[in-house]
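In what follows, every heavy atom counts, from backbone to side chain, and hydrogens, waters and symmetry copies are set aside. These numbers were taken from a predicted model, which means no experiment stands behind them.
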Amino acid sequence: MKIGKKEDLQALREKCAMYESWLRALDEHGKFDLWFKDKDSQYRYVNKHFANTMGRTKAELVERTPEDVFGADRAERVRIMDRKVMNDGLLQRVVPCDESGALEVHEENRFVVNDEQGNPVGLGLQLTQAVAG
C-alpha cells in the first residue's frame, strides 16, 4: 500500500487505533481463550483468559513455542493440529475435558490468519467452555 498524503497516514493511524481498542476489549472482557500464532506455531498474542487457563502470565506465553508451553509429547499433538489448520483452513471440534466426557466440554475453532493478499501468515484459536447437562 502506498501512502502519499498526510490525511491518508492519519486515517490509517485512526483505523489501527480502532482495531487495537477492539482487541484490547476482547482481551480484557472475553470469557474465552483466544490466541494467535505465527506460521512456526510460536504464540504472538494470547488473551488474559487463556493465560489464566494455563496458569501463567501473558509474558510467559508470548513468543513461546508449544514445546515451551506444553512439553514435547503434547507439543507434537498441538503441532499436528496446527499443520492441519494451515493445510485445511479451519478445524472445529468439541472436546470432553474429563475422561468420561460428562463434566465439561469445550468448543474449539482453530483458523488460518491471512495477510491482505490472502496468504496464510499464522493461526488463531477461539475456545469456549460449556458445562455439559
Calculate, to the nearest 0.5 Å, the distance between atoms [atom1] and [atom2] belonging to [X] and [Y] respectively.
X: Arg110; Y: Leu125; atom1: CZ; atom2: CG; result: 5.0 Å
X: Thr53; Y: Asn47; atom1: OG1; atom2: CG; result: 8.0 Å
X: Leu123; Y: Met81; atom1: CG; atom2: CE; result: 10.5 Å
X: Gln126; Y: Phe36; atom1: CD; atom2: CZ; result: 10.0 Å
X: Met86; Y: Lys37; atom1: CE; atom2: NZ; result: 11.0 Å
X: Arg64; Y: Met54; atom1: CZ; atom2: CE; result: 12.5 Å

Indicate yes or no for a side-chain donor-acceptor contact from [X] to the backbone of [Y] under 3.5 Å, with no hydrogens or angles considered.
X: Arg13; Y: Ala11; value: no
X: Arg44; Y: Gly122; value: no
X: Arg79; Y: Asp40; value: yes
X: Asp33; Y: Leu127; value: no

Does a donor on one side chain sit under 3.5 Å from an acceptor on the other, for Asp27 and Tyr45?
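Indeed, the side chains of Asp27 and Tyr45 share at least one donor-acceptor pair under 3.5 Å.
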
Please identify each residue that fulfils side chain to side chain donor-acceptor pair (under 3.5 Å) with Glu28, with sequence neighbours left out.
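For Glu28 there are no side chain to side chain donor-acceptor pair (under 3.5 Å) partners, ignoring immediate neighbours.
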
So, using side chain to side chain donor-acceptor pair (under 3.5 Å) as the criterion, who are the partners of Glu76 when residues are at least two apart?
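Here the qualifying residues are Arg83.
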
Do Gln42 and Asp68 have side chains that get closer than 4.5 Å, going by heavy atoms?
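Answer no - side chains too far apart.
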
Cluster link Leu90 to Leu34, ILVMFWY, side chain under 4.5 Å
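Shared cluster, yes.
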
Any residue meeting side chain to side chain contact (heavy atoms under 4.5 Å, CB included) with Asn52, in chain and number order, not counting sequence neighbours
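For Asn52 there are no side chain to side chain contact (heavy atoms under 4.5 Å, CB included) partners, ignoring immediate neighbours.
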
Restricting to non-hydrogen atoms, name the atom on [X] and the atom on [Y] that form the minimum distance, rounded to 0.1 Å.
X: Ser41; Y: Asp82; answer: OG-OD2, 2.7 Å
X: Val113; Y: Gly124; answer: CG2-N, 3.9 Å
X: Tyr43; Y: Leu61; answer: CB-O, 3.4 Å

